[in-house]
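Because only heavy atoms are used, hydrogens play no part in the values below, and waters and symmetry mates are left out as well, while side chains stay in. In each ligand, atom 1 is the first atom listed, and ligand 1 is the first ligand listed. It should be emphasised that the depicted structure is a prediction, and the values quoted were computed from it without experimental measurement.
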Amino acid sequence: MPNYVVGHKTPDSDSICSAIALSYLKTTLGEETVPARLGELSPETLFILDKFGFEQPQLKTSFAGEGIYIVDHSDRIQGPDDIDDATILGIIDHHKLGDITTSTPLEIWVRPVGCTNTIIKMMYDFYDVAIPKNIAGAMMCAILSDTVIFKSPTCTTADIKCVEALAEIAGIDDAKAMGMEMFKVKSAVLGTPIRDLVLRDFKDFNMHGKLVGIGQLEVLDLAIFDEMKPELMADIVKLKAEGNRHTVLLLLTDIMKEGSEMLVVSDNADLTEKAYGKATVDGKIWLDGVLSRKKQVVPPLQDSLV
Ligand code: MG
Ligand code: MG
Ligand code: MG
């Protein structure tokens, strides 16, 4: 029976490329390991898989009784629903440490870098395994995605060095240009059903017993959302009620202006004043310089909800 590698719900490019890259590494080291996904893939991830000739990892949501490696998260709420019935063999992640616990020893690689694939590159180096060309390309794209082409405050020199090394292995001359090509695909939101957009990169958090959902859409120009905003707002109101959530936030991130407009629905009327020092106007605030959910949005919110 093989082991599996699985990223978070609503998989992003990092979760999928990590699963592919780690499965290859583990299998090469003699432990048969298969990549899996918990949901449908975004256009950006499909672009990466197509570019480097990969099939989609198998859709698998139940892991009871199986051995799994968890990548790109360590919060139980973001992982498989029956995660408590699986044997967790390892966690490779770059987020805050979540609430996963185990009853058996495990391997943990957690680093405060911009992308899980940067950590997996360190693992390849540690085990002295050569990275195949197509896997290097996919890993490189995941790092460019998670670090917003090095603009995110989560980006470290390790991420930049990894992209350079992976680009060389993959035979890519201009990594940043490929990053821009990817963000163009990501910015093509017109015609997509509103709920699909809201859930495209959506994560739930348990903040001191309160359920908080935070979505993010990263685009080259925020103007693309101008006409959609009332519908987006109405949908997060619905999503809050459906999931019995305390708060739902939707970050509309402009990667060129380097900031985010946040749409806010919350049980706390003064939520953003407490967390970000700014009151909403019509349920919205602009947060200059805010690109990262994990580093700039989640920590002050979590602190303010104590
Ligand atoms: Mg992720
Ligand atoms: Mg990531
Ligand atoms: Mg992200």
Side-chain angles (χ1 to χ4, degrees), residues 5-22 35-45 47-49 57 69-80 91-98 100 109-123 138-156 158-160 162-163 166 179 182-183 185-187 189 197-205 213-220 249-255 258-260 262 287 290-299:
V5 185
V6 71
H8 53 77
K9 283 175 182 142
T10 332
D12 59 4
S13 298
D14 189 22
S15 275
I16 295 301
C17 298
S18 289
I20 292 171
L22 186 64
R37 63 184 165 95
L38 290 182
E40 295 310 312
L41 302 187
S42 72
E44 181 198 74
T45 308
F47 166 87
I48 296 171
L49 296 186
Y69 289 91
I70 296 292
V71 290
D72 200 32
H73 70 292
S74 66
D75 278 300
R76 286 163 63 245
I77 199 171
Q78 293 169 10
I91 298 172
I92 297 91
D93 188 31
H94 68 126
H95 295 81
K96 75 178 173 68
L97 196 57
I100 289 176
W109 294 68
V110 176
R111 300 285 187 281
V113 293
C115 183
T116 306
N117 277 278
T118 299
I119 307 169
I120 295 177
K121 167 72 166 65
M122 294 174 192
M123 294 174 74
M139 291 170 76
M140 183 201 81
C141 282
I143 300 172
L144 289 167
S145 171
D146 260 18
T147 63
V148 192
I149 320 180
F150 308 145
K151 289 182 186 200
S152 171
T154 59
C155 184
T156 66
D159 299 298
I160 298 169
C162 272
V163 164
L166 293 167
M182 212 169 59
F183 274 94
V185 172
K186 203 171 194 171
S187 301
V189 295
L197 282 181
V198 169
L199 294 183
R200 181 162 283 173
D201 178 5
F202 188 86
K203 286 180 184 174
D204 273 317
F205 297 85
I214 309 178
Q216 183 173 27
L217 292 164
E218 295 161 325
V219 295
L220 294 166
L249 306 176
L250 182 63
L251 288 165
L252 305 176
T253 299
D254 190 314
I255 74 162
E258 302 190 21
S260 296
M262 183 187 274
L287 296 170
V290 169
L291 295 173
S292 167
R293 174 171 46 198
K294 77 170 73 58
K295 197 162 182 170
Q296 297 167 296
V297 176
V298 169

Treating S187 as the side-chain partner and F183 as the backbone partner, does any N or O pair qualify as donor plus acceptor under 3.5 Å?
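Between the backbone of F183 and the side chain of S187 there is a qualifying donor-acceptor contact (under 3.5 Å).
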
Check against salt bridge (charged side-chain N to carboxylate O under 4.0 Å, His left out), R293 and D201
CA-CA 11 Å; R293 174 171 46 198; D201 178 5; 2.6 Å; yes

Enter the distance from D72:CG to H8:NE2 here, rounded to the nearest 0.5 Å.
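Rounded to the nearest 0.5 Å, the CG-NE2 separation comes out at 4.0 Å.
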
What distance separates I16 CD1 from L41 CG, expressed to the nearest 0.5 Å?
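Reported to 0.5 Å precision, the distance equals 4.5 Å.
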
Looking at D72, which of its N, O or S atoms is the nearest one to the Mg ion (ligand 1)?
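So the atom name we want here is OD2.
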
Have a look at D12 and say which of its N, O or S atoms is nearest the Mg ion (ligand 1).
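Answer by atom name: OD2.
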
Decide, counting backbone as well as side-chain atoms, whether [X] has an N, O or S atom less than 2.8 Å from the Mg ion (ligand 2).
| X | result |
| --- | --- |
| D14 | yes |
| H94 | yes |
| D146 | yes |

Hydrogens and angles aside, do D75 and H73 bring a side-chain donor and acceptor to less than 3.5 Å of each other?
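Judged by distance alone, the side chains do not pair up.
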
Do any of the N, O or S atoms of H8 sit under 2.8 Å from the Mg ion (ligand 1)?
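Looking at H8, which is the residue asked about, there is an N, O or S atom under 2.8 Å from the Mg ion (ligand 1).
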
